[in-house]
Amino acid sequence: MPDKIEENERLKAMNIILNRVGDKWTVMVFGALFDGPVRFNEIQRAIGTISQRMLTLTLRNLERDGLVIRTAYAEIPPRVEYQFSELGKTLIPAMRAIWDWSSLHHNDIITARMAYDSRNDGLKAAAE
């Protein structure tokens, strides 16, 4: 019985981790951080479609999980930069693989979606 409980705990932990690193905004933030320390507004501009609130939440969660380091500089105006922690750097190869795969297969996905939609539009019209 202890093995079953241990397995359940590992699955719960895996679920929590995958929810964080597999999240759309996390992947986008990682893409913005690939080239080194970046300021908040630079991340927001790089992503483009993320709200300030969602970016703040995503960065806080990544910092909380130990994947990102937030550095505030005592300057006028204040400057804050974000970068990968040592733990976060261990995820870079996996995230780069996702970025590379997405770039390589983007057109394939669009083509597949269009084919699927045209097939299903025909089925919907026939059912009506």
Side-chain angles (χ1 to χ4, degrees):
M1 191 71 168
D3 290 336
K4 184 71 169 171
I5 293 171
E6 184 177 314
E7 182 65 22
N8 286 339
E9 291 304 312
R10 283 202 316 246
L11 289 172
K12 286 179 189 176
M14 180 66 69
N15 186 41
I16 291 166
I17 292 166
L18 288 176
N19 280 336
R20 170 73 60 237
V21 299
D23 173 71
K24 168 186 174 178
W25 298 123
T26 295
V27 173
M28 299 300 285
V29 167
F30 263 66
L33 295 177
F34 281 153
D35 294 325
V38 184
R39 295 176 74 169
F40 183 93
N41 288 334
E42 292 174 290
I43 298 169
Q44 192 171 27
R45 277 192 301 274
I47 295 172
T49 57
I50 191 169
S51 69
Q52 184 172 347
R53 181 180 181 283
M54 185 53 68
L55 180 54
T56 298
L57 289 172
T58 301
L59 287 166
R60 280 187 190 155
N61 285 328
L62 291 171
E63 184 180 9
R64 181 175 181 245
D65 290 345
L67 300 173
V68 167
I69 297 170
R70 178 185 186 270
T71 306
Y73 297 93
E75 299 174 349
I76 298 176
R79 178 171 55 107
V80 177
E81 291 182 341
Y82 297 88
Q83 63 185 334
F84 292 116
S85 66
E86 289 303 313
L87 179 61
K89 288 177 185 176
T90 65
L91 266 175
I92 291 173
M95 290 293 188
R96 278 208 189 272
I98 290 170
W99 275 85
D100 292 345
W101 185 92
S102 298
S103 178
L104 183 64
H105 295 289
H106 177 256
N107 289 333
D108 299 329
I109 298 295
I110 298 301
T111 301
R113 285 180 180 176
M114 289 171 40
Y116 177 89
D117 290 347
S118 68
R119 284 192 313 271
N120 285 320
D121 288 344
L123 291 175
K124 287 179 191 174
E128 294 172 353

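We're numbering straight along the sequence, starting at 1. For clarity, every value in this text was computed on a predicted model and none was experimentally measured.
- For Arg113, the salt bridge (Lys or Arg N to Asp or Glu O under 4.0 Å) criterion is met by no residue, not counting sequence neighbours.
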Under 3.5 Å, which donor-acceptor pairs link side chains of residues 33-43 to any protein atom two or more places apart or in another chain?
| from | atom 1 | to | atom 2 | distance (Å) |
| --- | --- | --- | --- | --- |
| Glu42 | OE1 | Arg39 | N | 2.8 |

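- Atom-to-atom distance recorded for His106:NE2 and Thr111:OG1 is 9.5 Å, nearest 0.5 angstrom.
- Note that CG of Leu57 is 11.0 Å distant from CD of Gln52, once rounded to the nearest 0.5 Å.
- With sequence neighbours left out, Arg64 forms a side-chain hydrogen bond (donor to acceptor under 3.5 Å, both in side chains) with no residue at all.
- The shortest side-chain heavy-atom distance between Leu59 and Glu63 does not fall under the 4.5 Å cut-off.
- With values rounded to the nearest 0.5 angstrom, Arg45 atom CZ is found 14.0 Å from Ile50 atom CD1.
- In this structure, Ile109 belongs to a hydrophobic cluster whose other members, linked by side-chain heavy atoms under 4.5 Å apart, are Trp101.
- Clustering ILVMFWY residues whenever any of their side-chain heavy atoms sit less than 4.5 angstrom apart, transitively, puts Val68 in the very cluster that holds Trp99.
- Residues satisfying the side-chain hydrogen bond (donor to acceptor under 3.5 Å, both in side chains) criterion with Asn8, sequence neighbours excluded, are absent altogether.
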Contacts under 3.5 angstrom, residues 12-30 side chains, donor-acceptor by atom type, not counting sequence neighbours:
| from | atom 1 | to | atom 2 | distance (Å) |
| --- | --- | --- | --- | --- |
| Asn19 | ND2 | Asn15 | O | 3.2 |
| Arg20 | NE | Asp65 | OD2 | 2.6 |
| Asp23 | OD2 | Trp25 | N | 3.1 |
| Asp23 | OD2 | Thr26 | N | 3.1 |
| Thr26 | OG1 | Arg20 | O | 2.9 |

Could you pull out all donor-acceptor pairs under 3.5 Å where a side-chain atom in residues 80-94 meets a protein atom, sequence neighbours excluded?
| from | atom 1 | to | atom 2 | distance (Å) |
| --- | --- | --- | --- | --- |
| Glu81 | OE1 | Tyr73 | OH | 3.3 |
| Glu81 | OE2 | Arg79 | NH1 | 2.9 |
| Tyr82 | OH | Arg70 | NE | 3.4 |
| Ser85 | OG | Gly66 | O | 2.4 |
| Ser85 | OG | Leu67 | O | 3.2 |
| Ser85 | OG | Leu87 | N | 3.3 |
| Ser85 | OG | Gly88 | N | 3.0 |
| Glu86 | OE2 | Lys89 | NZ | 3.1 |
| Thr90 | OG1 | Leu87 | O | 2.5 |

